[in-house]
Amino acid sequence: MYLVRRVYKTKPGEARRVATLVQKQVQIYHDAGHREEFRVAFNPGTCPGEQNTVVLEWETHAFQSPGRPGNVRPTVGVEAGNAFKPYIEDTWIEFWELLTPGKMQE
């Protein structure tokens with residue numbers, strides 16, 4: 001089991017806008033069966049830590065390329081992603097292996 005985290009560094013003052021737009025885009029993918037349950041968090045500068053940052057997280061059993069054969073992403077989801085691109089300075093993705101009971105060591 002894995003935790004996938006997509007991080008967006010936004011232009012100053014745009015974290016809430018980007019979080020809202022990311023939520024809308026990923027909900028489209030979720031409703032179409034392309035994404036597991038997810039959550040979006042943001043820091044517009046009111047919390048300790050990295051300011052102007054949006055984090056999208058979800059858990060998955062396997063990594064799957066969006067460009068895999070036979071995968072058809074909803075066009076409306078792709079278009080929704082274009083809405084927040086002007087407000088993004090940087091983005092990256094992190095993959096974490098979750099510690100499940102079967103992976104624990106004595």
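No hydrogens, no waters, no symmetry mates; every other heavy atom, side chains included, goes into these values. In what follows, residues are counted from 1 in the order of the sequence shown.
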(request) Give a yes or no on whether the backbone of A80 and the side-chain of K24 come within a donor-acceptor separation of less than 3.5 Å. (result)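 A pair under 3.5 Å: no.
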
(message) Can a donor-acceptor pair be found, under 3.5 Å and without considering hydrogens, that links the side chain of H30 to the backbone of R35?
(response)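 Checked: pair present.
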
Between [X] and [Y], is any pair of side-chain heavy atoms under 4.5 Å apart?
X	Y	value
V40	V54	yes
T91	K9	no
L99	M104	yes
N52	N43	no
Q25	F84	yes
Q51	P44	no
E36	E59	no
F95	F63	yes

Same apolar cluster (I L V M F W Y, side chains within < 4.5 Å links), [X]/[Y]:
X	Y	result
V55	V4	no
V76	Y29	no
Y2	I93	yes

(message) If you count heavy atoms of other groups shown closer than 6.0 angstrom to CZ of R39, is the number above 12?
(response) no

(request) Please say whether more than 12 non-hydrogen atoms of neighbouring residues, nucleotides or ligands are located less than 6.0 Å from CZ in R5. (result) yes

(message) Checking F38 against Q23 for the side-chain contact (heavy atoms from CB on, under 4.5 Å) test, could you report, in this order, the C-alpha distance in whole Å, the side-chain angles of both residues, the deciding distance, and whether it holds?
(response) CA-CA 9 Å; F38 66 95; Q23 173 77 30; 3.6 Å; yes

(message) Assess the residue pair R17 and Y87 against the criterion (side-chain contact (heavy atoms from CB on, under 4.5 Å)); give the C-alpha distance rounded to whole Å, side-chain angles, the decisive distance to 0.1 Å, and a yes or no.
(response) CA-CA 8 Å; R17 178 192 318 265; Y87 308 107; 3.3 Å; yes

Quick check for you: to the nearest 0.5 Å, what is the distance between [X] atom [atom1] and [Y] atom [atom2]?
X	Y	atom1	atom2	result
H34	R73	NE2	CZ	9.0 Å
E37	T60	CD	OG1	12.5 Å
R16	T10	CZ	OG1	12.5 Å
L56	R6	CG	CZ	8.0 Å
K85	I88	NZ	CD1	10.0 Å

(request) Taking the six-membered ring for Trp and the single ring otherwise, decide whether the centroids of Y8 and F42 are under 6.0 Å apart. (result)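 Ring centres of F42 and Y8 not closer than 6.0 Å.
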
(request) Heavy atoms only: give me the nearest P12-E89 pair and the separation to one decimal. (result) CD-OE2, 3.7 Å

